[in-house]
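Written below as structure tokens is the structure these notes are about.
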Amino acid sequence: MVCDYELAEIVCQDCGIVIRSNMMDQGPEWRAFDSEQRERRARTGAPLTYTIHDKGLTTLIDWHNRDISGKGFEPGQKAQVYRLRKWHRRIRIFDAQERNLAHALSELSKIAETLNIPRNVLETASMVYRKAIKQKLIRGRSIRGMAAAAIYIACRQCKFTRTLEEVAEASGLSKKEVGRRYRFLVKELNYFIPPCTPRQYALRLIAQLAMEGEAEEIAQRILELASELRLTSGRGPAGVAAAATYIASVLTGERKTQREIAELARVTEVTIRNRYKSLIEHLNFTVYL
DNA sequence: AAGACGAAAGTGGTTGA
DNA sequence: TCAACAACTTTCGTCTT
């Protein structure tokens with residue numbers, strides 16, 4: 001029995017049967033490497049009451065250099081009020097960022113929950129978001145959009161297969177919007193995101209279809225050969241993976257319909273057909289029989 | 001009757017002038 | 001900014017199991 005953290009599944013290594021899927025990572029929630037991190041994490045834990053910030057009781061130190069009776073300040077007081085104002089301003093910015101972060105963390109965990117994303121990926125997403133806040137990339141953009149993008153980045157970095165479409169759906173945003181935010185963040189934060197491989201998609205598909213271990217092997221082999229023959233470049237990885245999975249299902253005898261696979265892979269049957277046509281054209285399947 | 005096939009037109013995003 | 005373009009989708013009629 002093996003625990004696959006990428007797919008969040010427990011799989012029997014002999015027969016490939018999925019014993020438990022969509023499980024949660026039960027590892028420690030937060031890790032803190034120094035006191036500063038511990039402090040920050042402690043403050044951001046637990047149920048977030050981001051809707052209650054200051055309840056409208058914000059204090060303002062206005063810019064008139066006058067006291068309550070309208071008289072001007074003594075020189076010493078003037079300097080003091082200036083300092084007060086300065087610090088007040090700083091604290092307010094800090095507040096705003098904290099509030100944004102709190103809101104964002106709640107969005108992040110909401111999205112993560114509907115996508116069954118394990119803790120470590122969620123943690124990565126939070127780190128991405130913090131970085132974005134620090135670099136002032138959030139201001140003027142929607143928190144939810146940026147949160148969705150952070151989630152997607154984290155998924156890609158952790159090799160946890162979730163499509164852009166799924167992330168968009170879970171966040172209630174359009175694919176286009178999440179994609180735009182995603183590209184923006186990747187560019188601004190100088191991330192390198194390795195492209196998604198058909199292999200990752202295929203692994204997930206086979207797990208979702210609860211197929212035998214043999215099918216997984218065959219699909220992997222097909223994709224290996226396909227990439228050697230350059231049949232994968234320029235093609236959508238999901239389509240290639242779906243085709244390989246379909247072929248594997250036919251070869252192992254536990255046949256799945258194109259529609260079934262197409263639905264899970266989020267491509268059409270036609271795409272599966274087109275891909276697998278070019279696959280069987282170039283590959284010699286006697287190897288497996 | 002369901003699944004598979006494939007032609008043809010349509011779609012949305014990228015690229016390059 | 002616009003048109004060409006490639007990958008993919010939609011639609012639909014036909015063939016196969």
Side-chain angles (χ1 to χ4, degrees), chain A residues 115 137 141-142 144-153 155-156 161-212 214-216 218-219 222-286 288-289:
Chain A
L115 287 174
L137 301 174
R141 283 172 254 271
S142 91
R144 180 178 297 183
M146 297 308 265
I151 289 267
Y152 187 58
I153 287 177
C155 286
R156 294 289 295 271
T161 319
R162 288 289 178 271
T163 62
L164 179 62
E165 201 178 343
E166 286 169 310
V167 175
E169 236 164 61
S171 59
L173 265 41
S174 74
K175 213 171 132 185
K176 194 169 128 193
E177 163 133 16
V178 181
R180 222 179 35 226
R181 308 273 184 234
Y182 162 74
R183 285 193 301 269
F184 172 76
L185 276 188
V186 168
K187 198 179 81 194
E188 294 297 324
L189 297 176
N190 282 320
Y191 278 134
F192 171 72
I193 311 275
C196 240
T197 62
R199 186 176 165 272
Q200 286 160 21
Y201 281 115
L203 280 176
R204 186 172 173 217
L205 274 179
I206 284 173
Q208 282 176 323
L209 291 163
M211 288 168 69
E212 304 280 328
E214 194 194 353
E216 183 179 316
I218 292 177
I222 289 172
L223 291 173
E224 223 171 88
L225 290 169
S227 80
E228 273 169 29
L229 292 167
R230 312 269 149 219
L231 296 175
T232 53
S233 68
R235 302 280 134 78
V240 181
T245 306
Y246 177 66
I247 294 173
S249 88
V250 172
L251 289 178
T252 56
E254 47 173 346
R255 200 179 181 119
K256 308 284 177 195
T257 65
Q258 292 181 355
R259 169 181 307 224
E260 202 177 347
I261 296 175
E263 212 167 293
L264 286 172
R266 292 171 180 253
V267 296
T268 60
E269 299 160 60
V270 181
T271 302
I272 294 185
R273 289 200 282 272
N274 289 335
R275 286 306 128 258
Y276 104 102
K277 209 168 53 166
S278 71
L279 284 177
I280 54 179
E281 239 168 59
H282 294 91
L283 301 180
N284 181 4
F285 288 107
T286 55
Y288 307 108
L289 301 176

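Every chain is numbered from 1, with letters handed out A, B, ... down the list of sequences.
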Between A/S249 and A/K256 (side chain of the first, backbone of the second, donor and acceptor by atom type, cut-off under 3.5 Å), is there such a pair? yes
OP1 or OP2 of C/dC8 versus the side-chain N and O atoms of A/R273: is any pair under 4.0 Å? no
Looking for any heavy atom pair under 4.0 Å, which part of the strands does A/R180 touch: base, sugar-phosphate only, or nothing? nothing
If you measure from the Lys or Arg side-chain nitrogens to the Asp or Glu carboxylate oxygens, is any gap between A/R204 and A/E216 under 4.0 Å? no
Between the side chains of A/E166 and A/T163, is a donor N or O closer than 3.5 angstrom to an acceptor N or O? yes
DNA chain C-proximal residues of residues 261-269 of chain A, any heavy atom under 4.0 Å: A/R266, A/V267, A/T268
Salt bridge A/R181-A/E177, side-chain N to carboxylate O under 4.0 Å: yes
Any carboxylate oxygen within less than 4.0 angstrom of a Lys/Arg side-chain nitrogen, looking at A/E169 and A/R266? yes
Using atom CG of A/N274 as one end and atom C1' of B/dG6 as the other, report the distance to the nearest whole Å. 8 Å
Show me, range against range, the stems involving DNA chain B, built from at least 3 consecutive Watson-Crick or G-U pairs below 3.5 Å. B:1-11 with C:7-17, B:13-17 with C:1-5
Atom OH of A/Y246 and atom C1' of B/dC5: how far apart are they, to the nearest Å? 10 Å
Check every atom of B/dG6, B/dC5, C/dC8 against the side chain of A/R235 and return the nucleotide holding the closest atom. C/dC8
